[in-house]
4 protein chains.
Amino acid sequence: MTRTRSEQAAWRREQLLDAALKVFADKGVDGATVKDLAQAAGVTPGLLYRYFDSKEAMVETLLSERGFLPRLRELLTARHDPRPAKEVLTELLEAFDRLLVSHADLMAVFFSAAQARAPLAKLVNEGQRLIGDFLAERVAAGELRAHDTGTAAKTLFATVAVNRRMGSPIDIAALVGLLFPEEG
Amino acid sequence: MTRTRSEQAAWRREQLLDAALKVFADKGVDGATVKDLAQAAGVTPGLLYRYFDSKEAMVETLLSERGFLPRLRELLTARHDPRPAKEVLTELLEAFDRLLVSHADLMAVFFSAAQARAPLAKLVNEGQRLIGDFLAERVAAGELRAHDTGTAAKTLFATVAVNRRMGSPIDIAALVGLLFPEEG
Amino acid sequence: MTRTRSEQAAWRREQLLDAALKVFADKGVDGATVKDLAQAAGVTPGLLYRYFDSKEAMVETLLSERGFLPRLRELLTARHDPRPAKEVLTELLEAFDRLLVSHADLMAVFFSAAQARAPLAKLVNEGQRLIGDFLAERVAAGELRAHDTGTAAKTLFATVAVNRRMGSPIDIAALVGLLFPEEG
Amino acid sequence: MTRTRSEQAAWRREQLLDAALKVFADKGVDGATVKDLAQAAGVTPGLLYRYFDSKEAMVETLLSERGFLPRLRELLTARHDPRPAKEVLTELLEAFDRLLVSHADLMAVFFSAAQARAPLAKLVNEGQRLIGDFLAERVAAGELRAHDTGTAAKTLFATVAVNRRMGSPIDIAALVGLLFPEEG
DNA sequence: CATGAATGAGAATTCATTCAT
DNA sequence: CATGAATGAATTCTCATTCAT
């Protein structure tokens, strides 16, 4: 149970970020005070400043260290799957949806923090691009009918994301069936 | 050119709301100070309190008085249109998109203010319901194939809204064509 | 007893500076807290910020607005006096000494504030130069023996200033008699 | 190369004081943080508290242990010198001036620390007294003309000290020549 | 109706100091 | 002996709000 000094420091840093993520998600970045953050972590406000330069620095750290862009990339690049397009696409969007669920707090921060605008835009762009690439590939392979893959990607991505965010998640199989009814 | 007392009061009230909407959209609700709001309206902070109880009250007023739910309802209830479903749907979504454009400032407030969560959810729900109703009607009329009209409505609404919000508006005709390719 | 708005503002500004001068002199610039300054003026800390940008700005204002360089210049430029040099010189140094007494608080600020280094150096330089000019003039007029007027000026200025500052003021007539014993 | 425990302790103590003196002189006592002091000594803040009770205690230690009053006394008591008064006096003031130069850091602390007021006053008083005694002795011996030796001592001491402090050191020979022109 | 001086509560941040390791 | 994580009290400054004019 005893920790070395540097272990303790690393652990505390993560603990502070964990607590901050929850508080930011709950109250918004502006709404959360440094006192709130400290209390949530069970420490005094001063300690935060041993680990981070400022409250804003904590937000930025969360956005960069806890961002799920790498994981999103990983998921959506699983395209050379031999299974039918609709099956793969459904699985892919479901994984994306699960990613959103497991990062619900971070999503809340994305929507409350001014600093999060750019990272969010990047996330959206890349997500749409990766889905678009997948669709284009399957169209090229003759598996899906020719269609506007860019629009389709935007549609799929936005629909999953918005409905998850609004707390009324969508039926992903139905969504895929809607866009590609006769296929597969 | 002279105004009666109550005309003057009404005019000033609107002027304060106009200014506040811009400032809130620009700096976020928490980021905007009462001084900012007053300056933008060319008055002193004290005056705001003759017209509104608090800064938060201004936000709530904007959300309720400037909310476009009534207008949205009006638009999306234009369903007894004799024209083909796809044509009407396209026009309807385009009107919705224009509505978002003309209320861009308010949309920003929706995303920055904690108080805006509930009104936003209401807006989304009602929008989706109205589109769903329209689709169901046309399916019932045999004009559109049978499909999950709820999912379709969520899809259409989310796609238009998200992409407008992200600053990369979608091609609505393409979107409609994507969902109802062979029809119409 | 009633004051107009702008009179009140001007009066309050001066009152805050008066209070600050005393507190700074008493506790030093770093030792004085904004709370101290406000309490001394009988107001709340926030009010200081309506009149000054920061605590440091108050110091700077004191240094520039309450500085006595102009008055010093005036005093020490009274050189075309027809009376004997020693008489004029004595009177001049006594006036300088009185100036120091009446600005004792400000002198304390000069010694406690980092920002005061440059203004203090300027004060000293100019004081020494003006006295030196006076002496040189009287030497040229044959009234005082030839001597190093620069050194004499530094000596006179430093001696009056230091001993006043240390709380053991010097006998100025004796000082003048010491430097110019047989003359006059 | 190995040190005994107490040697090591003594050495570390001096090292901490050396570092503190520089930092205090540079940033002022209030401006210097304990972290600054520790960093300058290449140790951690906690260690300072093994050697000193507080930051203020370090200032007091510097003022008492590094004070140059003993050395000043030594210098200025060199009065039974058989050489001419002016020669001895010049040498004496030059030694005093050098003392100030070599303790420039400490002088800065004298001017920045509230606690230093009393020690400084003591230094000045004693310095003036010792020079006064020397002058009185030489007057008694008939070597210098009768004059106000107290005023002369104050003059000499203040002039050397102020001008050194202001960064424009005085020509000491000229100063002595000014006060005792025809003598010696 | 409108002003702007003044308040009071609280925000972020700093820092001397302690203490378990 | 030495570290550095943690504290707690203070500090500067901000800002929504009130109210006499």
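Note: hydrogens, waters and symmetry copies are ignored here, and every other heavy atom, side chains too, is used. Note on naming: letters A, B, ... go to the chains in the order of the sequence lines (proteins, then strands), and numbering restarts at 1 for each one.
Residue A/E7 contributes atom CD, which lies 16 Å from atom C1' of F/dG4 at whole-angstrom precision. For C/K27 and F/dA10, the NZ to P distance is 13 Å, given to the nearest whole Å. With rounding to whole Å, C/L48 atom CG is found 13 Å from F/dT14 atom C1'. Computed from coordinates, the C/Q39 CD to E/dT7 C1' distance equals 15 Å when rounded to whole Å. Atom C1' of nucleotide E/dA16 and atom CG of C/D30 are separated by 15 Å, given to the nearest angstrom. Rounded to an integer number of Å, the gap from CZ of D/R50 to P of E/dT17 is 16 Å. Here E/dA11 presents its P atom at 15 Å from CD of A/E56, a figure rounded to the nearest Å. Atom C1' of nucleotide E/dC1 and atom CH2 of B/W11 are separated by 12 Å, given to the nearest angstrom.
Comparing atom distances between the D/P45 side chain and each of F/dT14, F/dG8, E/dT17 picks out E/dT17 as nearest. For B/T33, the listed nucleotide lying nearest its side chain is F/dC15; candidates were F/dC15, F/dC13, E/dA12. With F/dA5, E/dA16, E/dT7 as the candidates, the nucleotide lying closest to the side chain of C/L47 is E/dT7. Set against E/dT18, E/dA12, F/dA16, the side chain of A/Y49 has E/dA12 as its closest nucleotide. Here the side chain of B/V43 is nearest to one of E/dC1, F/dT12, E/dT3, namely E/dT3.
For A/T44 and C/K35, each mapped to the nucleotide of DNA chain F holding its nearest heavy atom, the one lying further toward the 5' end belongs to A/T44. Positionally, the nearest nucleotide of DNA chain E for A/A32 lies more toward the 5' end than for the other of A/A32 and D/V29. The residue among B/G31 and A/A9 whose nearest nucleotide of DNA chain F is located toward the 5' end is A/A9. Positionally, the nearest nucleotide of DNA chain E for B/G42 lies more toward the 5' end than for the other of A/K55 and B/G42.
Nucleotide E/dG8: paired with F/dC15 (Watson-Crick or G-U wobble, both distances less than 3.5 Å). Across all strands shown, the partner of E/dA20 is F/dT3, judged by Watson-Crick or G-U wobble contacts whose two distances both fall under 3.5 Å.
D/K55 places a side-chain N or O within donor-acceptor distance of the main-chain N or O of D/V29, the cut-off being under 3.5 Å. Judged purely by atom type and a 3.5 angstrom limit, A/E60 has no side-chain atom pairing as donor or acceptor with the backbone of A/A57. Under the 3.5 Å distance criterion, the side-chain polar atoms of D/Q15 are matched with a main-chain donor or acceptor of D/A41.
To the nearest 0.5 Å, atoms CG (C/L37) and CG (C/L17) are separated by 10.5 Å. Rounding to the nearest 0.5 Å places CG of B/L47 at 5.5 Å from CZ of B/R12. Once rounded to the nearest 0.5 Å, the distance linking CG of A/L21 with CD of A/E65 reads 12.0 Å.
Nucleic acid contact for C/V34: sugar-phosphate only, since backbone atoms but no base atoms lie under 4.0 Å from a heavy atom of the residue.
The phosphate of E/dA6 (OP1 or OP2) has a side-chain N or O of C/Y51 nearer than 4.0 angstrom. Phosphate proximity of E/dA6 to C/Q8: present, with a side-chain N or O under 4.0 Å from OP1 or OP2. Between A/R12 and the phosphate of F/dA5, there is no side-chain N or O to OP1/OP2 separation shorter than 4.0 Å. Taking 4.0 angstrom as the limit, D/Q15 places none of its side-chain polar atoms (N or O) nearer than this to OP1 or OP2 of F/dA2.
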